[in-house]
Amino acid sequence: MLWVDKYRPKTLDQVLVHQDIAQNLKKLVTEEDCPHLLFYGPSGSGKKTLIMALLRQIFGSSAEKVKVENKTWKVDAGSRTIDLELTTLSSTNHVELSPSDAGFQDRYIVQEIIKEMAKNRPIDTKGRKGVLVNLVSGNAYLAYDAIFLVLNEVDKLSREAQHSLRRTMEKYSAYCRLILCCNSSSKVSEAIRSRCLNVRINAPTEEQIVKVLEFIGKKEGLQIPSGFTARIAEKSNRSLRRAILSFETCRVQQYPFTSNQAIPPMDWEEYIFEIASDIMKEQSPKRLYQVRQKLYELLVNCIPPEIILKRLLYELLKKLDAELKHEVCRWAAYYEHRMRLGQKAIFHIEAFVAKFMSIYKSFLIATFG
Amino acid sequence: MDLVNMSLASRLEREEAEDLIKRHGGRVIGSVSKKTNYLLCDEDIGGRKSEKAKELGTLFLSEDGLFDLIRVSSHAKPKQRSKKSVDDADVSQSKKIMHKTEIKSTIQLTNSASKNVANKSLASGANLDRKMIQTAQHSALTWTEKYRPRVPNDIIGNQSLVKQLHDWLERWHEQFLDTGNKKKGKTANDSGAKKAVLLSGTPGIGKTTSAKLVSQMLGFQTIEVNASDSRGKADAKIEKGIRGSNANSIKELVSNEALSANLDWTKHPKTVLIMDEVDGMSAGDRGGIAGLISSIKISKIPIICICNDRYSQKLKSLVNYCLLLSFRKPTKQQKAKRLMQVATAEGLQVNEIALEELAERVNGDMRMALNQLQYMSLSMSVIKYDDVRQRLLTSAKDEDISPFTAVDKLFGFNVGKLRMDERIDLSMSDPDLVPLLIQENYVNYRPSTVSKDDNGIKRMSSIACAAESIGDGDIFNVQIRKYRQWQLSQNSALSSCIIPNVFCFSDLGIEGERNFNRFGGWLGKNSTLGKNMRFLEDLHVHFLASRESNSGRGTLRIEYLTLLLKRLTEPLRVLPKDEAVREVVDFMNTYSINQDDFDTIVELSKFKGCPDPLGGIPSAVKAALTRAYKEGSKSRMVRAADFVSLPGIKKAPKRRIAAILEPSDGGLGENNDEVTAESEEENPSDAEDLEDSTVGEKLQKELQSLNKKGVQVHLDLKDSGKLSAKKPPIGRGKGGSGATDKKNTARGSGISAKRKR
Amino acid sequence: MLFYGPPGTGKTTTALAIAHQLFGPELYKSRVLELNASDDRGINVVRTKIKGFAAVAVGSGQRQGIIEPLASRCAKFRFKPLSEEIMSSRITYICNQEGLNLDAEALSTISSISQGDLRRAITYLQSAARLFGSSISSKDLISVSGVIPQEVVDALFAACKSGNFDLANKEVNNVIAEGYPVSQMFSQLFDIIVEADDLSDEQKARICRKLGEADKCLVDGADEYLQLLDVAGSTMRALCNMPEEFSYN
């Protein structure tokens with residue numbers, strides 16, 4: 001098993017980073033009635049881990065027995081019926097899914113699934129809770145009649161979907177509790193945010209990451225040269241997941257560790273590094289055409305286009321002079337925004353590269369003649 | 001006067017030059033010969049043509065020389081050749097592109113020349129009146145009928161084929177009838193002796209005419225059956241399908257029923273059956289070809305079949321029974337000659353070059369050429385090159401312009417002369433493909449708008465502008481398709497095609513070795529992306545089902561994949577074979593990664609120019625891995641999402657239910673979980689089409705047989721707690737589908753969820 | 001009747017209260033129909049359902065959202081954002097009822113972060129109570145509300161002022177890593193810019209325009225990091241009086 005998964009905390013008590021949040025959450029669900037929750041924060045900071053731990057806190061280990069299902073719904077959308085299909089993870093008490101996977105029709109997912117869950121609930125219990133005791137483990141915890149619905153990537157939901165989510169939240173809050181998870185809460189509409197308890201999960205600091213890495217190292221019985229974990233933490237860009245994955249990659253690469261062992265980047269990151277070098281070396285239509293083919297490679301290998309653009313910017317910024325940085329950032333933001341409005345990502349990434357080449361070339365000529 | 005075009009003059013594009021020359025009565029040919037008067041080229045470039053020209057003493061002509069020549073000849077021959085005010089204006093127009101000072105002089109010429117010749121429009125108006133009276137008096141014969149060849153020599157081109165046809169028909173009786181039964185067996189296989197002949201070729205080149213003519217020459221009576229007669233097998237035999245009074249005689253002739261009594265051929269007229277448009281046998285004529293073949297086999301009369309496309313699928317079997325004569329298109333000279341004869345006979349004054357142009361543009365179709373000529377003759381009695389050009393251009397506009405042609409036109413030399421609405425029409429001839437073609441190729445054009453650009457800055461800047469405009473086009477497109485703002489279609493065409501074109505169009509064409517427009521790469525890449533996404537999603541679902549990990553699909557690709565690949569491949573490289581295989585199989589089991597997922601991981605990690613993810617692994621090890629994984633499938637405790645395909649209800653919602661693997665450990669409301677054994681590998685991916693009860697039975701049998709093998713499988717159906725069934729593994733591609741059915745004849749199969757996007 | 005005003009000022013509550021008062025609990029159900037903005041309905045529902053009822057109270061967020069004919073047929077009631085005193089007194093009342101402990105700083109914080117929206121203020125209060133217990137500090141309220149701590153905003157602004165792009169980049173990365181919503185950051189930056197004494201009007205205008213554009217891009221779904229970085233870059237250029245457009249000729 002990968003270390004990321006092996007050492008993932010399963011209960012709120014086991015959480016290493018964000019202990020304070022974990023304790024607060026524990027208090028929240030044991031003493032109070034759990035409201036709708038919105039977890040937000042950068043990738044790899046531990047939101048999903050916390051959500052799972054939270055569910056486990058509420059429902060005990062039954063929350064871990066998930067089934068993966070590929071559900072289909074037939075939705076009546078005015079003049080036609082649409083067939084929707086989505087993968088859901090469900091246990092007895094909760095259902096987890098990513099409605100944004102449905103693309104344009106995400107709003108139907110939201111409506112339908114909540115309606116369905118509401119239908120399966122007895123009407124008069126209204127989410128009342130009682131205390132149940134697990135006879136085997138002896139834990140006492142609250143039993144909710146409501147189903148917990150975990151929605152991932154809500155920031156990718158279309159505006160219409162968010163509207164209908166809000167409405168269904170109001171209507172069916174007795175029957176289901178929503179736990180929403182997203183990377184940036186800016187993209188979640190105000191209405192939804194105001195109806196949830198917003199829990200911000202910040203990225204761990206580098207020290208915290210180092211601590212986790214050393215914990216894992218000890219458990220795995222590894223000899224770690226000093227400063228090694230610090231280097232990994234630094235390269236991880238404050239993503240705990242990335243740090244642990246890097247750590248394990250180093251282990252697979254070469255063990256025993258050497259103190260200046262290279263920490264390999266992801267495959268696609270290396271490729272983008274190459275592309276950036278290509279662009280810096282030559283700015284010509286021919287080169288643009290070659291770069292386009294490389295970009296296609298990345299896209300076809302399922303790297304999301306915004307990630308490509310951001311990483312490309314990162315690599316370029318490293319090599320640029322100060323005066324150009326503003327300009328390049330401006331264009332990166334411009335083209336990324338347009339990429340969202342459009343559909344064919346390659347057009348916009350290519351436009352960015354062309355623009356960069358144009359700017360950089362003029363800069364070079366103006367500066368060096 | 002003959003000229004040969006050699007190099008691209010800097011001011012005149014080749015086509016422009018050809019146009020110009022033709023308009024003024026010159027002829028353009030491809031290679032130098034004794035008859036060539038001039039060789040048109042920029043400088044002494046060298047190469048074969050100029051070598052030969054020097055040898056033969058052909059005069060070299062520069063661009064300026066050409067213009068002089070035209071001007072001179074336009075003065076010298078005002079009568080026959082098509083030099084008129086229009087032509088001079090043309091000359092002046094092309095000159096305008098280069099030297100403005102010369103305009104004055106040419107305008108003078110124009111003015112003087114115009115006095116000599118009646119205004120074209122006036123003339124045509126007058127002619128029209130006259131012609132109308134004439135046509136009223138003439139019989140209503142079309143020229144195609146009127147001038148249909150009456151002797152084989154009249155047929156243009158394909159003389160040898162006509163001769164072959166003639167010989168075949170002549171010998172037919174002696175070959176197939178007089179010799180009696182004995183030869184019948186042989187003749188079927190004898191290559192030279194087929195009972196039927198198949199004439200093939202593009203429309204309008206003389207196939208039917210030849211067939212009829214030859215038959216008549218040899219004294220045969222022809223019976224024609226073409227596409228307008230029904231010829232289906234349902235009509236039992238072809239003879240039944242033939243309408244009209246010929247029916248009985250055909251039947252007799254072909255089936256030889258009546259002749260059994262009387263073998264005297266001299267009494268009955270020789271008949272030949274002409275089956276025209278054989279490849280046009282449509283659905284209504286189902287089995288027609290087969291019927292035809294059987295008739296050929298028993299036929300007592302020659303059968304001539306005529307088709308357009310010899311290689312058509314429908315005719316695949318027919319060709320074995322026929323002598324194949326593939327008619328070729330006549331050359332334009334041959335056609336032009338004939339057209340000239342017709343024109344002269346009809347009192348039409350046509351320029352030879354114009355006729356050649358006509359002949360060239362109709363793509364071999366003599367019939368069409370005659371029709372066009374006749375049509376034009378209705379409104380004018382003198383036909384010039386430009387008239388032909390115009391006439392054919394207008395009719396060409398109604399044809400479909402392929403996206404490639406559209407792009408060529410947009411990026412070609414003449415685009416400056418195209419009006420905006422014409423350009424928009426071109427772009428919208430295929431609103432999906434044209435923008436993609438442009439996007440694919442705009443980078444490679446060397447723009448003409450950029451003049452002085454030593455360091456390439458301007459060019460790069462043009463490209464950046466073009467790229468941005470293409471991006472605009474994409475955004476428009478989303479608005480149009482997703483938000484149904486169809487009024488933006490023109491804007492979309494503008495930004496995705498015309499504006500980039502403005503920035504990047506080029507006189508000089510495409511640079512690089514492959515100087516033609518490449519097809520839009522986006523389509524192919526997009527579909528590959530879709531496919532890869534589906535595979536990634538399969539992997540993702542397996543991951544989730546293994547319950548080791550909870551990550552999203554994006555995270556899986558961006559963060560996990562590199563490490564996964566390493567964990568799967570490093571041991572194979574480093575450790576001894578058995579240990580490596582064991583370790584990898586264990587890992588795969590932990591995360592429910594099956595063979596297909598393994599391949600997906602490898603595929604998605606492949607980048608051009610980067611080392612092969614599977615490099616360095618000896619193939620013996622790879623084979624061992626495959627074997628080991630398959631073996632394990634019998635006793636595998638794999639957590640995977642399954643399909644439960646329950647036969648019966650056709651349109652019930654599909655349900656795919658995962659097997660739960662953990663032994664129950666108490667707690668609330670749990671289903672009765674049990675150890676489930678699964679594996680998901682190669683399998684007939686037919687699961688999705690299970691509907692019939694026969695399939696249900698098949699499943700039952702499969703289940704039983706598998707149960708006998710000792711594979712215990714328990715599946716957890718959501719609404720019913722019970723277990724049963726097993727499933728054979730499934731490969732990638734479509735997944736199974738299921739209908740919710742309380743019955744427990746569940747058949748689970750492996751995954752590959754087909755996501756709809 | 002047309003009730004309009006910012007959210008959380010009591011429009012729906014007032015309307016419901018009026019209805020209750022008019023009809024009493026028994027008749028209420030049959031005489032009162034509540035339709036909300038996100039209910040599934042189009043013109044048909046409006047025609048069928050609404051027609052059946054005599055009195056309809058219409059609530060709206062903004063005046064402009066209602067078309068003229070509708071607005072002109074209603075008596076309009078404007079609900080203003082609530083003042084600090086009103087909010088504080090109500091909050092205090094609730095605290096007493098719920099047994100919560102709020103110091104003066106927290107009380108004023110809650111008023112300022114809720115911006116006149118009483119519903120929001122109460123929600124913050126409840127969330128803070130749930131997460132942090134009965135003794136609530138100003139910091140707790142801030143963290144629960146999603147408002148960005150002032151130090152963070154100041155740090156970013158200072159980095160922009162310094163003219164050092166890499167420093168600004170680092171601060172932007174920090175904001176993203178901490179998970180603060182960037183739209184909120186824009187809003188708070190805006191407040192700082194508008195009230196800054198040492199900036200010229202032109203500088204302010206430049207920056208604010210960029211903030212507006214970036215906010216729109218966020219709404220369209222653009223990436224937060226890039227937009228914030230872009231804003232930081234533009235701010236830097238404005239503050240250091242670099243030209244807006246880039247040209248190398």
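Each chain gets a letter, A, B and so on, in the order its sequence line appears, and its residues count up from 1.
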Legend entry - Heavy-atom donor-acceptor pair, D474(B) side chain to K344(A) backbone, under 3.5 Å: yes
Inset, instruction - Please name the pair of heavy atoms, one in I558(B) and one in R242(A), separated by the smallest distance, quoted to 0.1 Å. - result: CG2-NH2, 4.3 Å
Inset, instruction - Under 4.5 Å, counting heavy-atom pairs only, tell me which of I346(A), I51(A), V4(A), L298(A) racks up the most with chain B. - result: L298(A)
Inset, instruction - Mind ranking Q283(A), E96(A), K6(A) by heavy-atom pairs under 4.5 Å with chain B and telling me who comes out on top? - result: E96(A)
Inset, instruction - Could you check if a side-chain atom of E468(B) sits within less than 4.5 angstrom of a side-chain atom of K355(A), using non-hydrogen atoms only? - result: yes
Inset, instruction - Considering only heavy atoms, give the residues of residues 267-275 of chain A separated from chain B by less than 4.5 Å, sorted numerically, with 'none' for an empty result. - result: D267(A), W268(A), Y271(A), E274(A)
Inset, instruction - May I ask you to decide if N441(B)'s main-chain N or O and Y289(A)'s side chain share a donor-acceptor pair within less than 3.5 Å? - result: no
Inset, instruction - Before accepting this row, confirm whether a basic side-chain N of the pair K566(B)/E248(A) lies closer than 4.0 Å to the acidic partner's carboxylate O. - result: no
Legend entry - N301(A) side chain near E603(B) side chain, heavy-atom distance below 4.5 Å: no
Inset, instruction - Could I get the full list of salt bridge (charged side-chain N to carboxylate O under 4.0 Å, His left out) partners for K482(B), not counting sequence neighbours? - result: none
Legend entry - D101(A)/R553(B) salt bridge by N-O under 4.0 Å criterion: yes
Inset, instruction - Report yes if the side chains of Y296(A) and T528(B) come closer than 4.5 Å at any heavy-atom pair, otherwise no. - result: no
Legend entry - Per-residue contact mode, E559(B) against chain A (heavy atom under 4.5 angstrom): both
Inset, instruction - For each of E153(A), R8(A), M266(A), tally heavy-atom pairs with chain B at distances under 4.5 Å, and name the one with the top tally. - result: M266(A)
Inset, instruction - Would you check if T555(B) and R241(A) make a side-chain contact, meaning some heavy-atom pair closer than 4.5 Å? - result: yes
Legend entry - Residue part contacting chain A, namely of L536(B), when any heavy atom lies under 4.5 Å: side chain
Inset, instruction - Below 4.5 Å from any heavy atom of chain A, which atoms of D586(B) appear? Answer side chain, backbone, both or neither. - result: neither
Legend entry - Residue pair Q343(A) / R481(B), side-chain heavy-atom distance below 4.5 Å: no
Inset, instruction - Would you indicate whether the side-chain heavy atoms of E350(A) and V443(B) approach each other to under 4.5 Å? - result: yes
Inset, instruction - Check whether any side-chain heavy atom of L564(B) sits under 4.5 Å from a side-chain heavy atom of L2(A), and report yes or no. - result: yes
Inset, instruction - Pick whichever of Y335(A), F347(A), F356(A) has the most heavy-atom pairs under 4.5 Å with chain B. - result: F347(A)
